[in-house]
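First the proteins, then the strands, lettered A, B, ... as listed; each starts at 1. Owing to the predicted nature of the structure, the values given are computational and were not obtained by experimental measurement.
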There are 2 protein chains.
Amino acid sequence: MSGLRFDKIDIRILQELQQDSSLTNQELADRVGLSPSPCLRRVKALEESGIVDRQVMILKRSELGLKLTAYIQISMDRHTPDRFGVFEEQVNSFDEVRACNLVTGQNCDYLLEVVVEDMEMYHDFLLGKLTRIPGVSGVQSSFLLRSVKENTSLPLNHLM
Amino acid sequence: MSGLRFDKIDIRILQELQQDSSLTNQELADRVGLSPSPCLRRVKALEESGIVDRQVMILKRSELGLKLTAYIQISMDRHTPDRFGVFEEQVNSFDEVRACNLVTGQNCDYLLEVVVEDMEMYHDFLLGKLTRIPGVSGVQSSFLLRSVKENTSLPLNHLM
DNA sequence: TCAATCTAGCAATAATATTCCAAAATTCCC
DNA sequence: GGGAATTTTGGAATATTATTGCTAGATTGA
């Protein structure tokens, strides 16, 4: 937040686009109560400001036959730069891994979210890929039963 | 995956749009080796097929002053529909919560991802909102140190 | 209150998406 | 393996949407 200031309309625009970036400029302008040209100018200015990372299409797991989502806690044997470096490089190359985060806490070092077709594929992933990485000493899996909330939006209330 | 079949070009299109949905149809067509009109027809057909959930703009946490991401394991005192119903309704109303998933495992019932400005705000969230929900008996937080991989794309290799 | 600065909205222009149709490619059946 | 039916492609015409320039209006600061 490098000295940038957003007014209420900017925040409305960001909220709308966080929910649906396929909105036409016309439609967006209507929703935020502006005419198309100033609306587009604001969108461009927001993009210029560097707060936008990217714009993506989100697909439905279930429709693609990806029936198993796993959350994995991973512990490393040693906390050396080399161990971490190799692990992170490998994890980045696995398409099944949707998220990998280094976290605080005594239980584990990394939290992963992994998406696969079924338990058999998960088994293959664990034994064939994840536990093959040197230094991985502890692996604990939880499986998704039901998704309660899945939101790519960030809260913006604090900007007001 | 209701009997739908995708060929290599469809999958290329989906991979591109999962990475960047702001691509112009012209640019997308170039990347997948098609001329604009059949390319657009395929995109529309893919949307019609129901595998697309939505299209979103992803913002940068750091640029918005959201410096703290927490991963929370939550246990409920009793596993009754009422307990779960109330909890999920509340969680859905909290903007700080980006993800909430009911999972298997002995450690906890729900996994949450929460984004806030700083530790003080996190404290307020925990005490003022989360632990106020009836039935929440165990709360264990881990904090993001470094994001290694953050990917909204789903793997599509299995479709080939 | 007044002047300077910024923002909105209209209209013209440019870029892009969309549709139609004939040609090419593919698939399926014998 | 050959031929007909079906599907898919690519180019051109059209429609939609984004983009820009300019003037009027609003807001801010002294």
Original post:
Which residues, if any, of residues 10-21 of chain A bring a heavy atom under 4.0 Å of DNA chain C?
Top reply: none
Original post:
What residues form a salt bridge (charged side-chain N to carboxylate O under 4.0 Å, His left out) with B:E27, not counting sequence neighbours?
Top reply: B:R31
Original post:
Can you tell if the side chain of B:L112 reaches within under 4.5 Å of the side chain of A:V148, non-hydrogen atoms only?
Top reply: no
**OP:** Could you list the residues that satisfy salt bridge (charged side-chain N to carboxylate O under 4.0 Å, His left out) with B:R12, not counting sequence neighbours?
**Re:** none
Subject >> Under the side chain to side chain donor-acceptor pair (under 3.5 Å) test, residues paired with A:N101 that sit two or more places apart >> reply: B:Y71, B:S147
Original post:
When the C1' atoms of the five terminal pairs at each end define the local axes, what inter-axis angle does the helix from C:dT1-D:dA30 to C:dC30-D:dG1 show, to 10 degrees?
Top reply: 60°
Subject >> Whole angstrom value for the distance that separates C1' of C:dA17 from CG of A:L23 >> reply: 17 Å
**OP:** Kindly write out the residues that satisfy ring-ring contact (aromatic ring centres under 6.0 Å, His included) with A:F84, not counting sequence neighbours, or none if the list is empty.
**Re:** A:H79, A:Y110
**OP:** Using side chain to side chain contact (heavy atoms under 4.5 Å, CB included) as the criterion, list what pairs up with A:L145, not counting sequence neighbours.
**Re:** B:L102, B:T104
Subject >> Whole-Å distance separating the CG atom of A:L40 from the P atom of C:dA11 >> reply: 18 Å
Original post:
Between atom NZ in B:K44 and atom P in C:dC20, what is the gap in whole Å?
Top reply: 15 Å
Restricting both atoms to N or O, compile the protein contacts to nucleotides 23-25 of chain C shorter than 3.5 Å, with distance only.
none

Original post:
Do any pairs count as a salt bridge (charged side-chain N to carboxylate O under 4.0 Å, His left out) and have a residue in residues 124-143 of chain B, sequence neighbours left out, and if so which ones?
Top reply: B:E96-B:K129
Original post:
Quick one: salt bridge (charged side-chain N to carboxylate O under 4.0 Å, His left out) partners of B:K60, sequence neighbours excluded?
Top reply: none
Subject >> A:F6 CZ to C:dC6 C1', straight-line distance once rounded to whole Å >> reply: 18 Å
Subject >> Summary of protein contacts for nucleotides 5-17 of chain D, nucleotide by nucleotide, where a base hit scores B, a sugar-phosphate-only hit scores S (4.0 Å, heavy atoms) >> reply: ---SBBB-----S
**OP:** Could you grab the distance from atom CD1 of B:I58 to atom CG of A:L17, nearest 0.5 Å is fine?
**Re:** 12.5 Å
Original post:
Given a cutoff of under 4.5 Å between side-chain heavy atoms of I, L, V, M, F, W and Y, with clusters grown through shared members, what are the other residues clustered with B:L40?
Top reply: none
Original post:
Quick one: are B:L46 and B:I13 in side-chain contact, heavy atoms under 4.5 Å?
Top reply: yes
Subject >> Nearest heavy atoms of A:M76 and A:P134, plus distance in Å >> reply: CE-O, 4.0 Å
**OP:** Please check if the side chain of B:T131 supplies one atom and the backbone of B:L126 the other of a donor-acceptor pair under 3.5 Å.
**Re:** yes
